Amino acid sequence: MNKRGKVLIVSGSAGSGKSTVLTPFKSGEIEPFVFSVSATTRKARPGEVDGRDYLFVTKERFEEMIEKGELIEHTTFNGNYYGTPKGPLEKQIEEGKIVILEIEVDGAEQIMSLFDPNDIVSVFLSPPDYKTLEKRLRGRGTNTEADIIERLERAKVELEYSSLYKNILINYDSRANDVTEAIIAITKGENIKTPDIYCQSKEQLIDKFYN
């Protein structure tokens with residue numbers, strides 16, 4: 001019989017680098033990590049693949065999933081729905097997998113309330129400071145000015161939720177690999193090789209972010 005797996009929750013603001021940090025896990029070659037593929041009503045970005053990065057569905061289909069109880073959590077962000085399908089997640093945990101959920105903070109709070117704390121590893125990912133976040137968002141070249149401002153304001157709010165997470169990691173420029181390795185170490189209960197990316201508290205994170 002397989003040892004029961006865990007849920008690995010990874011959250012962070014737009015521009016925190018979640019996708020880059022988690023890319024190495026998407027190949028399925030880092031055992032026993034697997035991705036829980038979220039459903040969303042937003043349009044796919046260049047390079048994103050339906051069923052791998054997200055399940056891209058219509059608003060009508062998403063609302064049907066809510067109605068039928070097919071989602072373990074769901075939220076809205078920038079006018080789009082995001083949610084975690086229930087069936088695949090429960091099956092993977094029973095198989096002993098570490099199931100990665102890349103979700104918004106309000107969705108993460110829902111998940112935390114549904115599982116035993118011993119079954120959860122939680123990571124809040126943050127850019128090193130406000131200026132870096134703004135630079136990353138503008139560097140994408142895909143967001144309108146209004147969208148950038150909204151994301152910057154939301155990032156400030158999301159910092160306040162970082163205290164819900166057991167681990168806070170700073171994703172400095174060009175150090176995504178360090179963060180990926182830190183997540184693996186945390187999940188295994190090992191020490192992080194690059195402790196400077198680890199933040200001890202929400203207060204420390206906020207101080208770094210604004211100074």
Side-chain angles (χ1 to χ4, degrees), residues 8-23 25-26 35-50 52-59 62 71 73-84 100-112 122-165 167-176 178-180 183 197 199 201-211:
L8 170 58
I9 296 172
V10 181
S11 304
S13 66
S16 61
K18 296 187 298 295
S19 296
T20 304
V21 164
L22 295 175
T23 293
F25 295 104
K26 291 185 177 179
F35 248 88
S36 170
V37 181
S38 297
T40 184
T41 56
R42 78 158 170 78
K43 301 296 183 185
R45 293 175 184 151
E48 288 183 331
V49 177
D50 184 38
R52 183 195 70 186
D53 299 287
Y54 281 97
L55 298 173
F56 295 101
V57 299
T58 63
K59 182 182 177 184
F62 197 101
L71 300 171
E73 61 79 29
H74 66 276
T75 188
T76 56
F77 178 65
N78 268 17
N80 291 303
Y81 282 122
Y82 293 83
T84 303
I100 301 170
L101 300 186
E102 181 187 350
I103 53 178
E104 303 295 329
V105 291
D106 41 5
E109 196 169 14
Q110 292 176 51
I111 293 290
M112 289 176 191
S122 56
V123 175
F124 185 86
L125 190 60
S126 175
D129 51 57
Y130 185 85
K131 287 182 180 178
T132 301
L133 174 58
E134 184 174 13
K135 179 184 173 185
R136 289 177 182 176
L137 291 176
R138 294 190 182 282
R140 287 178 176 177
T142 56
N143 302 114
T144 65
E145 183 64 22
D147 186 43
I148 289 169
I149 291 170
E150 182 178 348
R151 287 170 184 263
L152 288 170
E153 290 305 308
R154 182 175 172 87
K156 294 176 185 177
V157 174
E158 288 172 333
L159 288 181
E160 297 295 329
Y161 284 86
S162 62
S163 58
L164 294 173
Y165 296 74
N167 307 279
I168 301 172
L169 299 177
I170 307 296
N171 186 22
Y172 294 97
D173 286 345
S174 304
R175 295 192 60 188
D178 289 345
V179 180
T180 302
I183 289 173
I197 68 172
C199 211
S201 66
K202 178 185 81 172
E203 290 72 26
Q204 186 184 29
L205 173 62
I206 289 173
D207 184 59
K208 282 176 176 288
F209 192 76
Y210 290 110
N211 292 298

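By convention here, the first residue in the shown sequence is residue 1. For clarity, every value in this text was computed on a predicted model and none was experimentally measured.
- Counting heavy atoms from C-beta outward, Ser16 and Asn171 have side chains that stay 4.5 Å or more apart.
- Between the CD1 atom in Ile170 and the OG1 atom in Thr132 there is a gap of 10.5 Å [rounded to 0.5 Å].
- Pairing each heavy atom of Pro128 with each of Arg136, the nearest pair is CD-NH2, 4.0 Å.
- Shortest non-hydrogen contact noted between Ile9 and Met112 is CD1-CG, 3.9 Å.
- For the atom pair CD of Glu73 and CD of Glu109, the computed distance is 11.5 Å after rounding to the nearest 0.5 Å.
- Counting only heavy atoms from C-beta outward, the side chains of Val105 and Tyr165 approach each other to under 4.5 Å.
- The existence of a salt bridge linking Lys131 and Glu134 is excluded, since no basic side-chain nitrogen approaches an acidic carboxylate oxygen closer than 4.0 Å.
- The line from CG of Leu137 to CD1 of Ile149 is 11.5 Å long, rounded to the nearest 0.5 Å.
- The pair Arg138-Glu145 counts as a salt bridge, with a side-chain nitrogen and a carboxylate oxygen less than 4.0 angstrom apart.
- Within the 4.5 Å cutoff, the side chain of Leu133 has heavy atoms near those of the Phe209 side chain.
- Side-chain contact check for Ser126 versus Leu159: some heavy-atom pair is nearer than 4.5 Å.
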Worksheet entry | Derivation of the side chain to side chain contact (heavy atoms under 4.5 Å, CB included) call for Lys156 and Tyr210 | CA-CA 10 Å; Lys156 294 176 185 177; Tyr210 290 110; 3.1 Å; yes
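- Considering only heavy atoms from C-beta on, Phe77 comes within 4.5 Å of Arg151 through its side chain.
- Of the candidates Ser19, Ser38, Ser11, Glu102 forms a side-chain contact (heavy atoms from CB on, under 4.5 Å) with just one, namely Ser19.
- When all heavy atoms of Phe124 and Ser162 are compared, the pair lying nearest together is CD2-CB, 3.6 Å.
- Looking at every heavy atom in both residues, Thr20 comes nearest to Ala176 through CG2-CB, 3.8 Å.
- Closest approach of Asp50 and Phe56 over heavy atoms only: OD1-N, 2.9 Å.
- The NZ atom of Lys202 sits 13.0 Å away from atom CG of Asp207, with the distance rounded to the nearest 0.5 Å.
- Across all their heavy atoms, Ile103 and Thr84 have their closest contact at CG2-OG1, 3.9 Å.
- Residue Asp178 holds its CG atom at 5.5 Å from CD1 of Ile197, rounded to the nearest 0.5 Å.
- Taking the side chain as every heavy atom from C-beta outward, Tyr130 and Leu152 approach each other to under 4.5 Å.
- Put simply, OH on Tyr82 and OG1 on Thr40 are 4.5 Å apart, with the number rounded to the nearest 0.5 Å.
- Using a 4.5 Å cut-off on side-chain heavy atoms (C-beta onward), Phe35 and Asp53 make no contact.
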